[in-house]
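Structure first, commentary second.
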Amino acid sequence: MTESQPRKPSVTKVQPVRGTHDLIGESARRHFHVIETARRVAATYGFDEWSTPIFEETAVFARGLGDTSDVVMKEMYSFTDRGGESLTLRPEATAGICRALVTNGLTQSLPQKVFYTGPMFRYERPQKGRYRQFHQIDVEVLGSPEPLADAEVIACGWSILQALGVAQDVVLELNTLGDRESRMAYREALIAYFSTHKEALSEDSRLRLERNPLRVVDSKDPGDKAIVADAPTIHPYLNEHSAAFYGKLREHLARIGVPVVENPRIVRGLDYYSHTAFEFVTSQLGAQGTVLGGGRYDGLVEEMGGPHTPCVGWAAGVERLSMLLAHPPAAPAGIAVIPAAEAQEGAALDIVQALRTAGLRAEMAYRGNLKRRMERANKTGAHTAIILGESELARGVAQVKNLSTGDQQEIALTDLAAKLA
RNA sequence: GCGGACGUAGCUCAGCUGGUAGAGCGCCAGGUUGUGGUCUUGGAUGUCGCGGGUUCGAGCCCCGUCGUUCGCCCCA
C-alpha cells in the first residue's frame with residue numbers, strides 16, 4: 001500500500017476479537033479429530049462433502065426467519081460491500097446448502113446427501129461452548145420425504161458420536177412437529193391452554209405466547225415448567241400421515257439400534273420445519289447442552305425460491321464435541337534424524353528426504369549439537385532417533401535408537417525406510 | 001440485550017487488616033568431548049488486563065473499560 005488509509009488509533013495490545021479463538025496444539029488436534037472422524041463416518045453413509053461461500057446475500061439467511069426472532073438483524077454479521085450489496089457471514093450451513101442446491105440445478109437430481117463443515121458466525125454473547133466464530137459439522141439429505149432418510153441422518157449422527165467416544169455421555173431426544181396441518185392444530189391447542197394460565201406465566205413466556213407459542217414449551221423458568229408439565233403434547237393432534245411418519249421413524253431407529261428418549265418438549269419455532277425434531281444432549285456442558293441437533297425442514301428450499309423439496313439434516317458444534325472428548329488425540333510421533341556433527345548434516349538431509357519420500361514423518365532439527373537435537377527429538381515426541389556419525393557413515397550405517405525403550409542398534413542406510421515403516 | 005463472578009510470570013495458582021510481587025510446572029545454561037526422557041546445580045522472566053480516582057503509599061479500596069466465565073434472552 002503506497003498511501004496510508006486513515007487508521008484506527010493503534011491498539012495498545014493486540015488480542016483476538018471477542019468470541020474468537022485460536023486452535024493450536026492440543027486444541028487443534030481435538031478440533032481436527034472431530035472433523036476428520038465425522039467426515040470419515042459420514043462418507044460410510046454415502047454423504048458427499050460440499051463447500052459453499054462463507055458469505056451470501058443477506059436474503060439467503062434472512063428468508064424464512066420472519067420477524068419473530070431477534071436473529072435477523074441483531075445476531076448476524078451483516079455488512080454492505082463496496083457495491084452496495086447487503087452480505088452476511090453465514091450463521092449456519094443449511095441455508096447456503098439449499099441455495100447451492102437451487103442455483104446449481106440439483107433439484108433435478110434428488111436426493112442429494114451432503115456432508116459439510118466450516119466456520120459459522122453469530123453476533124452473540126460468548127460463553128463456554130458458544131463463540132462468535134464457531135465451527136459446525138452438518139449432514140443433510142435433500143429431496144427425500146421418506147422417514148428412512150430421517151432415520152439415516154440420525155443414525156449417522158449417532159455413529160459419529162460413537163466413533164468420537166462420546167456416545168455414553170449423550171442421549172438422543174426425539175419429537176415430531178407433524179405436518180403443517182397437525183402443527184397448526186397443536187398450536188391452537190397450546191394457545192388455548194396457556195391462555196388460561198396466562199397470569200402464572202413468566203413475562204418472557206407471555207411474550208412468547210404471542211410471537212411463538214411453541215417456544216413456551218421449552219421455557220427454562222421454573223414456574224413455567226410446572227405449567228408446561230400439564231400442557232398438551234402434539235401427539236393427539238397429529239393427523240394420520242404425521243402419526244404414521246413418526247411411527248415409521250421410531251421403527252427404523254429401533255431396528256438400527258439407536259437408543260431414543262421421546263421428549264415432547266423439543267420444538268422448533270419456524271414455519272419451514274415439520275415432522276422430525278431431535279437433539280443429542282449432554283449434561284456435561286452446562287446450559288449449552290445440545291451437542292448435535294436437527295430435524296426435517298420440508299419448507300426451506302421452497303422459501304429459497306426452489307421447488308418443494310423435503311429435507312432433513314442436523315448440525316453439530318465442533319467446539320462442544322471437542323470439549324467432550326475424554327482423551328485428547330496424541331501428538332503425531334515421527335523420526336528425528338540427527339547428525340552427530342555439522343559435517344554429517346548433508347548426509348542427514350539426504351536421509352530425512354528419503355524417509356519422507358517413503359511416506360514417513362521425519363524431521364531434522366535446524367541447529368544444535370547432538371545433545372540439543374536429542375532433546376528436541378524427545379520434546380517433539382519422536383519415537384525414533386537416527387544418529388549419523390562420521391564412522392557410521394563411513395560404513396554405510398546409522399545408529400537407530402528407539403526413544404521409548406532406549407534400545408539402539410545399527411542399521412544399514414539403505415534399509416532405513418523399510419525397517420522403520 | 002439483562003444479571004452475577006473472575007482477570008497476578010508461557011501455564012496452574014498463592015499474595016494476611018493497602019507498605020512497590022512469589023511457588024510449582026515450563027523455559028535457558030552447567031554437571032556429560034557423539035545420546036534424549038530421570039536426577040542435580042544455577043539463571044531469566046511480570047507495565048499484577050487497560051485507563052482513571054482515593055491515599056504519603058494500590059496487586060489489594062472506588063469508578064470506567066476490555067476480556068473470560070456462570071445463568072437468562074436467543075438458538076436460523
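First the proteins, then the strands, lettered A, B, ... as listed; each starts at 1.
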Quick one: [X] [atom1] to [N] [atom2], roughly how many Å, whole number?
X: A/Glu124; N: B/G1; atom1: CD; atom2: P; value: 12 Å
X: A/Asn212; N: B/C73; atom1: CG; atom2: P; value: 13 Å
X: A/Ile24; N: B/C11; atom1: CD1; atom2: P; value: 12 Å
X: A/Lys128; N: B/G71; atom1: NZ; atom2: P; value: 9 Å
X: A/Asp218; N: B/C73; atom1: CG; atom2: C1'; value: 12 Å
X: A/Phe61; N: B/C75; atom1: CZ; atom2: C1'; value: 16 Å
X: A/Tyr272; N: B/C75; atom1: OH; atom2: P; value: 11 Å
X: A/Lys225; N: B/G71; atom1: NZ; atom2: C1'; value: 12 Å

Legend entry - side-chain hydrogen bond (donor to acceptor under 3.5 Å, both in side chains) partners for A/Tyr45, two or more places apart: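 Applying side-chain hydrogen bond (donor to acceptor under 3.5 Å, both in side chains) to A/Tyr45 gives A/Ser159.
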Legend entry - For A/Thr20, all residues meeting side-chain hydrogen bond (donor to acceptor under 3.5 Å, both in side chains), sequence neighbours excluded: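 Testing A/Thr20 for side-chain hydrogen bond (donor to acceptor under 3.5 Å, both in side chains), a comparison that skips the adjacent residues, returns none.
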Inset, instruction - Name all residues meeting the side-chain contact (heavy atoms from CB on, under 4.5 Å) criterion together with A/Leu110; count only those two or more places apart in sequence or in a different chain, and write none if there are none. - result: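 If we apply the side-chain contact (heavy atoms from CB on, under 4.5 Å) test to A/Leu110, skipping adjacent residues, the hits are A/Leu101, A/Gln112, A/Thr309.
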Inset, instruction - Only counting residues at least two apart or in another chain, list the ones meeting side-chain contact (heavy atoms from CB on, under 4.5 Å) with A/Ser202. - result: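 A/Ser202 satisfies side-chain contact (heavy atoms from CB on, under 4.5 Å) with A/Asp204, A/Ser205, A/Asp221, A/Asp224 once adjacent residues are dropped.
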Does any pair with a residue in [range] pass side-chain hydrogen bond (donor to acceptor under 3.5 Å, both in side chains), and if so which ones, sequence neighbours excluded?
range: residues 182-191 of chain A; value: A/Asp179-A/Ser182, A/Ser182-A/Asn239, A/Ser182-A/Ser242
range: residues 322-349 of chain A; value: A/Glu345-A/Arg373
range: residues 352-363 of chain A; value: A/Gln353-A/Arg356

Measuring only the [atom1] atom in each nucleotide, how far is [N] from [M]? A whole number of Å is fine.
N: B/G59; M: B/A14; atom1: C1'; answer: 12 Å
N: B/U32; M: B/G26; atom1: C1'; answer: 23 Å
N: B/G67; M: B/G57; atom1: P; answer: 32 Å
N: B/G51; M: B/U47; atom1: P; answer: 11 Å

Inset, instruction - At under 4.0 Å between heavy atoms, which parts of nucleotides 34-45 of chain B does protein reach? Answer with one letter per nucleotide, 5' to 3': B base, S sugar-phosphate only, - none. - result: BBBB--------
Legend entry - Lys NZ or Arg CZ of A/Arg30 over A/Phe32 ring: under 6.0 Å, within 45°: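 A/Arg30 over A/Phe32 ring: no.
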Inset, instruction - Using the ring of A/Phe61 (Phe, Tyr or Trp, six-membered ring only), decide whether A/Arg90 places NZ or CZ under 6.0 Å from its centre and within 45 degrees of its axis. - result: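 Relative to the ring axis of A/Phe61, which defines the angle, A/Arg90 lies outside at least one limit.
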Inset, instruction - Compare the minimum distances between each of B/A76, B/U69, B/C72 and the side chain of A/Arg130, then state the nucleotide with the smallest one. - result: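 Of all the options, the side chain of A/Arg130 is nearest to B/C72.
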Pairing partner of [N] (Watson-Crick or G-U wobble, both distances under 3.5 Å):
N: B/U65; value: B/G49
N: B/U54; value: none
N: B/G18; value: none

Inset, instruction - Kindly state each residue pair satisfying ring pair (Phe, Tyr, Trp, His ring centres under 6.0 Å) with at least one member in residues 380-403 of chain A, sequence neighbours excluded. - result: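 Applying ring pair (Phe, Tyr, Trp, His ring centres under 6.0 Å) to every pair that reaches into residues 380-403 of chain A, excluding sequence neighbours, yields nothing.
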Inset, instruction - Test for a donor-acceptor pair under 3.5 Å between the base of B/C73 and the side chain of A/Arg215, counting only N and O atoms. - result: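 No, the side chain and the base share no sub-3.5 Å donor-acceptor pair.
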Legend entry - Donor-acceptor pair under 3.5 Å, A/Arg122 side chain vs B/A76 base: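 A donor-acceptor contact between them is present.
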For [X], answer base if it contacts any base atom (sugar-phosphate contacts may also be present), sugar-phosphate if it contacts only those atoms, and nothing otherwise; contact means non-hydrogen atoms under 4.0 Å.
X: A/Arg208; answer: sugar-phosphate
X: A/Glu92; answer: sugar-phosphate
X: A/Phe134; answer: nothing

Inset, instruction - For A/Glu392, enumerate each residue passing the salt bridge (charged side-chain N to carboxylate O under 4.0 Å, His left out) test, keeping only those at least two apart in sequence or located in another chain. - result: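 Partners of A/Glu392 by the salt bridge (charged side-chain N to carboxylate O under 4.0 Å, His left out) criterion come out as none, since no residue qualifies.
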Legend entry - Residues A/Arg268, A/Glu279: salt bridge by 4.0 Å N-O rule: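 Answer for the salt bridge query: yes.
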Under 3.5 Å, N/O pairs linking protein and nucleotides 2-4 of chain B:
from, atom 1, to, atom 2, distance (Å)
B/C2, N4, A/Arg125, NH1, 2.9
B/G3, O6, A/Arg125, NH2, 3.2

Legend entry - Contact under 4.0 Å: A/Gln127 side-chain N or O vs B/G71 OP1/OP2: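 Answer is yes, contact under 4.0 Å.
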Inset, instruction - Take A/Asp221 and A/Pro91, find for each the nucleotide of RNA chain B with the closest heavy atom, and name the residue whose nucleotide sits nearer the 5' end. - result: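 Checking each residue's closest nucleotide, the 5'-ward one belongs to A/Asp221.
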Produce the list of close N/O pairs, under 3.5 Å, pairing protein atoms with atoms of nucleotides 65-67 of chain B; give distances to one decimal.
from, atom 1, to, atom 2, distance (Å)
B/C66, O2', A/Gln15, NE2, 2.7

Legend entry - A/Phe278 side chain near A/Leu172 side chain, heavy-atom distance below 4.5 Å: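 With C-beta onward as the side chain, the pair touches.
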